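Here the structure is a predicted model, which means the values were calculated and not measured.
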Amino acid sequence: MAKNGGANVVATFLGLLALASMVKLSFGAGGVHDYALALRKSILYFEAQRSGVLPPNQRVTWRASSGLFDGKANGVDLVGGYYDAGDNVKFGLPMAFTVTMMSWSILEYGKQMAAAGELRNAMDAVKWGTDYFIKAHPEPDVLYGEVGDGDTDHSCWQRPEDMTTSRHAFRVDPQHPGSDLAAETAAAMAAASIVFRGTYPGYANLLLVHSKQLFEFADKYRGKYDASITVARNYYGSFSGYGDELLWAAAWLFEATEDRFYLDYLAGNGDALGGTGWSINQFGWDVKYPGVQVLAAKFLLQGRAGEHAAALQRYRENAEFFVCSCVGKGAVNVPRTPGGMMYHQRWNNLQFVTSASFLLTVYADFATMSGRGAVHCPAGAAQPFEILKFVKSQVNYMLGDNPRGTSYMVGYGESYPRQVHHRGASIVSIKRDPSFVSCQEGYSTWYGRQAGNPNLLDGAIVGGPDEYDDFADERNNYEQTEAATYNNAPLLGVLARLAGSCGGLKEEDDGQETAAAPLANRTSSLPLPAPARHRRRGHPPSLIEIEQNVTRTWAMRRRTYYRYSVTVTNRSPRKTVRELHLGVSELRGRLWGLDEARYGYVPPRWLPALRPGRSLRFVYVQPAPPANVWVTGYKLV
């Protein structure tokens, strides 16, 4: 369960000092991995997360049916779906993102899955989710977005088969909107409709009907879902808002239908909903902008943009910002651990590694198939084969090529987490011992047990190591040992791609295995003139201007301190900037005039917008060259 409080996601934008030289590291199994086996296990994990009546062909045999009365108190059948992580709550937003990413994995790499004998299992995993979404959408403008709640669930440690916690269901409707939840569910059903088009056309059409209704509902009645389903706020709060999900859903509906209405929406709302204004290097269940931007770039590269080529080109520029930042050739890069893993935050960092790996893989393949070749980054071109090699290094890290020699996929390799933070896996199977386990008995007997879990959560990707590659395999260490469905979903496609090429890279691969290597963040660090003046423009360059000036210097305790004044100006002649987010790295002192937020820094609440020609100012003091300040995202209205 991704509880938001305490997760330092601002680390996404902060520079990480690493080794100055690039060192070739050799860890674990030396990069020789069975990607087909990893794919098989990664899909199998979803069967352990199933809620509802389990089918006769259920392969995770320590699980049994559960949640059989979900929705009954609300007069609706909500049996089915997935538990999100190590708890027994069904959260709609991450579940929908999980299904979207599983579907996208199949659409891009279904042939490779079929070759590995896993396509049917992957499709079954998608259908388990979409069958639930059909139930959760009983009326065009009603969507149930959660069953159970995290607060009561966290007071209890029980197998899902024994649940005694609240199973109250929560919904969004016109009076209680949830555009992000409804639009993400629309995206999931649109993507899944393409998956089933060739095998179950009637079912695919049904999914499209639901998807279109949900998109219309999300767009017509706008609002953040966690303002309506408030019990979700501490676990899956909508920090990025709903603009990214509306664009995401439109992109998937265009992909599924070729209806130009959805492409018009995507192109016409890029400014207002942030698709062309956000340049961010994190992609996950909350923030979808990089995913939207990669899809938009795909439409452009495939020659499907038509009259919207200019708008989609702006999406593409942001997609390439993401690529460059991840592979270490951007103006602002994702930090890496000493062992070479991309690092955003301590709490479940691997969710961002798997999702980024997927976007990098598909973008490299799009670039190759379109004949466009290299991505042009500030620090040099990134060839498709280089991008894929970097992805492979991240996957190999997760599978054991890391300083600890630990596989962070449960059940893969010889050394992997044994005390996964997971209620069902940590308590003896109900099939082995049907005796009822109460909430408190679960805590006293099983939660604190200093031994491995009695049930293997095969294929689960856990939260993973910290910024120093350290990891504590302890059940109460939920930040590192809890797995989640959205960790695995993007990885399906990446593993299928690697398995399909036998782990090799079909572009200009030099045949050498390289483990992920540490990389110093290439944020600009300017020499300090007196007075210092640094101007950096955001994207696009003509709209938001950032200017830094040294306004005062003084000496204290043999150090020279500088007071920097930063002016951020909206240069748009007609449009207002809203929801401005700034990234700040290389900050070694105090800052005044901005508020910290999940994705960087934002203006104070009394300044919700910058009208044309208006500016905001903030200051910081530090005994060092100027910090790096850039625009992470904004909306133009």
Side-chain angles (χ1 to χ4, degrees), residues 9-10 12-13 93-94 96-97 100-101 104 179-181 183-184 186-188 191 218-219 224 236-255 262 265-300 311-326 330 332 334 342 344 351-352 355-360 362-363 366 486 490 538-540 543-544 577-583 597-602 630-637:
V9 188
V10 177
T12 304
F13 310 105
L93 184 63
F97 177 69
T100 306
M101 295 309 297
W104 197 359
S179 300
D180 30 23
L181 172 66
E184 180 60 63
D219 192 41
K224 290 170 57 176
Y236 291 99
S238 182
F239 288 90
S240 69
Y242 53 77
D244 50 341
E245 279 88 5
L246 287 172
L247 297 171
W248 179 239
W252 277 113
L253 277 162
F254 175 65
E255 181 78 340
Y262 298 109
Y265 186 99
L266 180 67
N269 289 280
D271 285 348
L273 296 179
T276 56
W278 273 78
S279 300
I280 190 170
N281 53 25
Q282 187 181 106
F283 173 57
W285 57 261
D286 179 37
V287 60
K288 315 293 166 38
Y289 285 119
V292 177
Q293 291 154 359
V294 168
L295 276 177
K298 175 185 179 181
F299 303 153
L300 181 67
L312 297 195
Q313 175 60 28
R314 293 179 62 197
Y315 277 98
R316 181 189 174 192
E317 290 168 2
N318 286 329
E320 296 196 345
F321 170 91
F322 179 88
V323 172
C324 295
S325 181
C326 288
V332 179
V334 178
M342 286 187 285
H344 289 277
Q351 64 176 306
F352 303 116
S355 59
S357 294
F358 180 83
L359 288 189
L360 292 174
V362 297
Y363 200 85
F366 293 160
Y486 44 86
H539 174 75
L543 294 183
I544 299 178
V577 171
R578 291 187 179 275
E579 298 182 32
L580 176 66
H581 284 66
L582 299 172
R598 186 174 176 93
Y599 301 110
Y601 291 85
V602 296
W630 70 96
V631 176
T632 298
Y634 61 90
K635 296 177 181 177
L636 280 177
V637 295

Can you name the nearest heavy-atom pair linking [X] to [Y], along with the distance?
| X | Y | value |
| --- | --- | --- |
| Leu273 | Lys635 | O-CE, 3.4 Å |
| Ala251 | Phe299 | O-CZ, 3.5 Å |
| Ser325 | Val332 | OG-O, 2.7 Å |
| Ala183 | Ala218 | N-CB, 3.8 Å |
| Tyr289 | Ser240 | OH-O, 4.5 Å |
| His344 | Asn281 | CE1-O, 3.2 Å |

Is there a side chain to side chain contact (heavy atoms under 4.5 Å, CB included) between Val602 and Leu582? Walk through the geometry before answering.
CA-CA 6 Å; Val602 296; Leu582 299 172; over 6 Å; no

Suppose we screen for side-chain hydrogen bond (donor to acceptor under 3.5 Å, both in side chains). Which residues come up paired with [X], at least two apart in sequence or across chains?
| X | answer |
| --- | --- |
| Trp252 | none |
| Glu255 | Lys298, Arg304 |
| Tyr262 | none |

Find out whether [X] and [Y] are in side-chain contact, i.e. whether some heavy atom of one side chain is under 4.5 Å from a heavy atom of the other.
| X | Y | answer |
| --- | --- | --- |
| Trp285 | Glu184 | no |
| Leu543 | Val631 | no |
| Glu320 | Tyr363 | yes |

Return the [atom1] to [atom2] distance between [X] and [Y], rounded to the nearest 0.5 Å.
| X | Y | atom1 | atom2 | result |
| --- | --- | --- | --- | --- |
| Leu247 | Leu266 | CG | CG | 6.0 Å |
| Leu295 | Trp248 | CG | CH2 | 5.5 Å |
| Met342 | Ser355 | CE | OG | 7.5 Å |
| Tyr599 | Gln282 | OH | CD | 5.0 Å |
| Asn318 | Ile280 | CG | CD1 | 10.5 Å |
| Glu317 | Ser279 | CD | OG | 9.0 Å |

All side chain to side chain contact (heavy atoms under 4.5 Å, CB included) counterparts of Asp271, not counting sequence neighbours:
Thr276, Arg314, Lys575, Leu636

With sequence neighbours excluded, tell me which residues meet side chain to side chain contact (heavy atoms under 4.5 Å, CB included) with Ala188.
Ala96, Val99, Thr100, Phe133

Residue pairs, two or more places apart or on separate chains, that pass salt bridge (Lys or Arg N to Asp or Glu O under 4.0 Å) and touch residues 240-252:
Glu245-Lys288

Apply side chain to side chain contact (heavy atoms under 4.5 Å, CB included) to residues Val294 and Trp104 and explain how you reach the verdict.
CA-CA 12 Å; Val294 168; Trp104 197 359; 4.1 Å; yes

According to ring-ring contact (aromatic ring centres under 6.0 Å, His included), who are the partners of [X], at least two apart in sequence or on a separate chain?
| X | result |
| --- | --- |
| Phe97 | Phe283 |
| Tyr242 | none |
| Phe366 | none |

Test log, rule side chain to side chain contact (heavy atoms under 4.5 Å, CB included), inputs Leu312 and Tyr315:
CA-CA 5 Å; Leu312 297 195; Tyr315 277 98; 4.0 Å; yes

Side chain to side chain contact (heavy atoms under 4.5 Å, CB included) for Leu246 and Asp219? Distances and angles first, verdict last.
CA-CA 7 Å; Leu246 287 172; Asp219 192 41; 4.1 Å; yes

Hey, is the main chain of Phe239 close enough, under 3.5 Å, to the side chain of Asp286 for a donor-acceptor pair?
yes

Only one of Tyr601, Trp278, Trp630 passes ring-ring contact (aromatic ring centres under 6.0 Å, His included) with His581; say which it is.
Trp278

